Amino acid sequence: MILQPWFLAQVHLHPTCIFLQVWEIQCLLLESVKDEDIVIKDMVELMMEKFDRYCGEYSVVLTFGAILEPRMKLKTLGYCYEKINPLGK
């Protein structure tokens, strides 16, 4: 029997976990854009461009997965979207 290294083990990620992690990253970026330090602000703006390019559509795809996840509540999803976009645009 050959043992696999720990980093080759299969990982089962739930849509809820992925949604919340991506949401947390977006919240941190949105908060950091308001930073007074110009270096941080410029770096975050570049990171936001990359985030929008690679994760811009995460909300639709992961939301459907999160809705179907029995552990995720619709109130939690509502809170997440309200925090990202308080005006509901």
Side-chain angles (χ1 to χ4, degrees):
M1 180 174 158
I2 300 174
L3 297 175
Q4 289 184 344
W6 62 272
F7 54 85
L8 292 179
Q10 290 183 350
V11 177
H12 300 286
L13 297 174
H14 296 283
T16 305
C17 298
I18 297 169
F19 176 84
L20 291 174
Q21 289 173 353
V22 174
W23 171 78
E24 187 175 358
I25 291 169
Q26 187 175 15
C27 287
L28 289 171
L29 289 173
L30 290 173
E31 290 175 10
S32 299
V33 167
K34 302 171 189 171
D35 199 304
E36 294 176 4
D37 188 5
I38 291 178
V39 175
I40 300 278
K41 190 174 182 177
D42 291 341
M43 180 181 63
V44 170
E45 287 175 359
L46 292 172
M47 291 173 74
M48 282 294 289
E49 287 178 17
K50 290 184 180 182
F51 181 86
D52 290 339
R53 184 180 326 142
Y54 296 112
C55 298
E57 298 299 321
Y58 85 93
S59 57
V60 175
V61 175
L62 290 177
T63 301
F64 284 120
I67 288 172
L68 296 174
E69 179 72 34
R71 294 175 288 178
M72 181 65 114
K73 304 293 182 209
L74 288 177
K75 282 186 175 183
T76 306
L77 289 172
Y79 170 78
C80 292
Y81 278 107
E82 189 175 307
K83 184 154 181 170
I84 290 173
N85 192 356
L87 300 177
K89 292 180 182 177

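The structure displayed is predicted, hence computed values, not measured ones.
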Between CD on residue Q26 and CG on residue D52, distance to nearest 0.5 Å:
7.5 Å
In I38, D37, V39, the residue satisfying side-chain contact (heavy atoms from CB on, under 4.5 Å) with D35 is D37
Taking only residues two or more places apart in sequence, or in another chain, which ones meet T76 in a side-chain contact (heavy atoms from CB on, under 4.5 Å)?
M72, K73, C80
Answer with yes or no whether the hydrophobic clustering places I40 together with V33; edges join I, L, V, M, F, W, Y residues whose side-chain heavy atoms lie under 4.5 Å apart.
yes
Please name the pair of heavy atoms, one in L29 and one in V44, separated by the smallest distance, quoted to 0.1 Å.
O-CG1, 3.4 Å
Atom CD1 of I25 and atom CG of L20: how far apart are they, to the nearest 0.5 Å?
11.5 Å
Hydrophobic cluster membership, L30 vs L28, 4.5 Å side-chain cutoff
no
Is there a side-chain contact between K41 and E45, using heavy atoms and a 4.5 Å cut-off?
yes
Just wondering, are more than 12 heavy atoms of other shown residues or ligands nearer than 6.0 Å to CE in M48?
yes
